[in-house]
Every structure is written in C-alpha cells, then in structure tokens.
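Below is one structure; the comments refer to it alone.
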Amino acid sequence: VNTTAERIARHGAVFRGATIITGDPRLGIVIDGDLEVRDGIVAAVGTGLGTRGDEVEIDAGGTIIMPGFVDGHRHAWQGAFRRTLTDADLVRYLAATHAGTAPHYRPEDMYAGTVASLLGALDHGFTTVVDFSHNSRSSAHSDAALQASADAGIRVVHVSAPPNSGEWDHQWPDDLERVAAAASNAGGIVTVRAGIDMNRVEPAAGIIRRARGLGLGVHIDGVMGAASSLEIIELAGEGLLGPDVTLIHCTALSPEAWRAIRDAGTEVVLATVSDAHLGLAGGVPPVREIMALGLEPGLSVDVEVSLAGDPFTQMRSTALLQRMLAVADSHATGLPVGTLLGAADVLRFATSSSARTAGLGGVAGTLTPGRAADLLLVRPSGNTSMPVVDPVGTVVHGIDRSEIDAVLVAGRPLKWEGRLIHPHSDSLPGRLMASREHLIAAAGLPADLDDNRIRQYVSTHV
Ligand SMILES: [Zn+2]
C-alpha cells in the first residue's frame, strides 16, 4: 500500500515544476508547469497554481507530465498466450487462437487473460484500452471480461463481439443491451461498444442499426481488401457510416471506399505493426491514404499473441513506415517527397486521436481542464534520455516503460514510483499459467501451438 498514492486518489494533488505536454493545441507545452488533479479530472494547468484544501503537493521537477496513451484496439482475452506466435502470419494466428484455444475458454480464462493484458497496458503507459473482446461465448464470458476491466482500474472501452469459431451460446447480439447496462450500472469508467469481426451473426448493417438503437458506437475489425471496400460503400449508401463507427486496419481499400470513409467522418484505427508483421491484405498500413485525405487515425496494438504491447512501438513504426514509403515513392517517381509524419503527429495519434476513435473525444486524450485526469509522469533516465531538449521527441523516440514513473487514471494512481499498484499483481502470473495450461490441454495443443491439426483446420475453414 502506497500512502501517497492513496492520498492522491482521495484528495487530489498539485504536481509542481514539470514540463507539461498538454496535447491541447491552445495550451501547448507548459515549461516549469503545475497541474492540479481533483475529483478525477484535470482541474487546472498553468504556472504557480495555488492549493485548495487537502490536496497532496508533489514536486514533479525533472518530469514530463503528458496525457496517457490510448490503445485503439487489442484483444485482451488472449493475454495468457502473449508472444506465443511471434513469427506468425495471419492464418497461423487465426488457427492457434480463434480455431485453436478460443472455443475452450471458460469465464475464468477470459478474466485471467484480460486482466493480465490490461495491467501490462497500464505499466506501459496506456490509460485507456479499447478491448475488442471477440470471444463472448456466453453472458458469463462477457461478465468476466467486464470484471477484469473493473479490477484492473484502467479506462476500458469494452467492444462486445461474438466468437469467431466453435460452439457458443448465441446470446449475442441480444446480449448487447445487458452488457452495456452491466457496465454502466457498475458506475466505473468502463464503456461498451458493439464489435463486428469475421463471424457475421447478421450483416453489419443490422448490427450498426441495433447498436445505434442502444446508443452504442461500433468497431469493425479486420477491415481490408475488396470485400471490405464493397461493404463500406454499401454501408455508406444506407447512411450507416459516421463518426460513431470505427474501422480497424483498412489495408488495401479501394479509392471509392476511402472517399466514403472521409465523407461520412468515419473513424479509422491503424494497426501498423499488425498489418505489416502478420501480413494483412498486402501488409501495407494505409498511411499514404491517411496523409492524402488528411485523416487523424488512432493507433493500436491488436494481438499481443504475436506483437509488442507498448505505445512506443506503435508510434515509431507508424512514423517510420510513412516516412519510408513517402521517400520510396519520391525516389520511384521523381516527384518531391510529400509531407512526413513527425513525432508530434504520432504522439497525437496515440493519445487524443485514439481517444476520439474510441468514442472518448472530449473525455480523455488531452490534459485540458475538465477532462479526465488520465496522465503519465515520465522521469527521463539520466543514462538514456538526457538532455531533454524536445520533450515530444524524447517521449516518442527516447523513453520506455521503465521511465514511466506514475500512471493516473481518473485521478487515481495505478502506477506509482515505477511500480503497478494492484492487489492481484502477485498472484497473476500463477493464475495466468493455470489458465494457459487448461486451454492448451483442452484444445489438445502442444504448448508452442505449433500443430499440424490447426493448420489443417485453417486450410478447410478459413
Ligand atoms: Zn484485431
């Protein structure tokens, strides 16, 4: 138990003397700045702030205070299989997870994987995760994922979606309304959206109409190629695209589909590393289209089964790939190099843009007074990150998890003095391994998931 962290959670705090990257275009970067957290929100940002009542005074000299990162989408239920398939392609990923272990998940496996992935996200500096939970095999599975979200304490956008394979209760999408009510009755910071992936229990149009009827936004995963392009144009024609619909990946879409996305104000979340590493529909993240249309995408981790789970990999990979493609295009055509993504761009994508694509625009993503106190205290290491001349460049290209000293979500410290504060973090590894062993045994798979049986399944089913 950390008493300072507890006092901050209860009474609020004033952090003094930090370099504050507000992420708010009107406030910019405040040097030697103070930030007041009160009642879960950013109460004030400036210099020489006073203190009200019993707020905790924190000397934040030498730190960078910035908005927490927002993961635009991941599948937290797969947490027990992190980095099991680091060299996988899309087919092998689908085989091992959706066709292999997913049908054998019990609610407690949903809980263990989800809480592990969410706590890892917190440690990496994410204050919000869009958890695309597409293994909702029963109501109890959804409830377990919601419980894990509440227990982790991080802000979660729970995207409720049916499983992609195997036997299940077929309670979805009827169960959506109950899931949304359960999250809202819990009174916490978990919100719910509807998720559409490979298993179309009904056409996307029906799900979007149903979600809108419940006041829920929609995330569509696996958006890629010709079939998705046609679907996007069709949905646009029916008035079913819009800012409440978020499309994930968006690789190899037609120019017509991109125009429909732009015209409808539909949100786009990149999964840069996932696209390129797993090879989704050509493997080129749509950074050219994003730049050409002037879109502001979110960034996302996607599958920890194969990929890194931190925000720095997302920001660096997105900047790297965009710059590489722009220079390569110029070299091939002889035309001038177009606009290049900079550190400030990808930092914005990873914070305020990702928050907006998650349905949290105006709620999180910047340190604007009145918004949620979802923030990081970064303590740049003397050995690896000094001198800090450009704090944005330092945050994007320099720091790592070990330099994230504190993570606050809704004003509550969940990481403090470099360590996660969580009642279950000690018992978690054991719980996770027990879940993993059950799933491997139930699926009849070897521990490395390298099995001809799942390859055969893929060749006939996927
Ligand atoms: Zn995904």
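Small disclaimer: the values here were computed from a predicted structure and weren't measured. Atoms within each ligand, like the ligands themselves, are counted from 1 in listed order.
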Worked check of salt bridge (charged side-chain N to carboxylate O under 4.0 Å, His left out) between Glu296 and Arg356:
CA-CA 9 Å; Glu296 290 275 321; Arg356 200 196 59 245; 5.3 Å; no
For Ala152, the side-chain contact (heavy atoms from CB on, under 4.5 Å) test, sequence neighbours excluded, returns Val115, Leu118, Leu119, Ile154
Kindly state whether the ring of His134 and the ring of Phe132 have centres lying under 6.0 angstrom apart.
yes
If you look only at distance, which donor and acceptor atoms sit under 3.5 Å apart when one is on a side chain in residues 222-240 and the other is two or more places apart or in another chain?
from	atom 1	to	atom 2	distance (Å)
Ser228	OG	Met224	N	2.9
Ser228	OG	Met224	O	3.1
Ser229	OG	Gly225	O	2.9
Ser229	OG	Ser254	N	3.0
Glu231	OE1	Arg200	NH1	3.3
Glu231	OE1	Arg200	NH2	3.4
Glu231	OE2	Arg200	NH1	2.5
Glu238	OE1	Arg209	NH2	3.2

Which pairs with one or both residues in residues 235-256 pass ring pair (Phe, Tyr, Trp, His ring centres under 6.0 Å), sequence neighbours excluded?
His73-His249
Have a look around the Zn ion (ligand 1) and list protein N/O/S atoms under 2.8 Å, or say none.
His73 NE2, His75 NE2, Asp221 OD2, Asp302 OD1
Do Asp143 and Gln147 get their side chains close enough for a donor-acceptor pair, meaning under 3.5 Å?
no
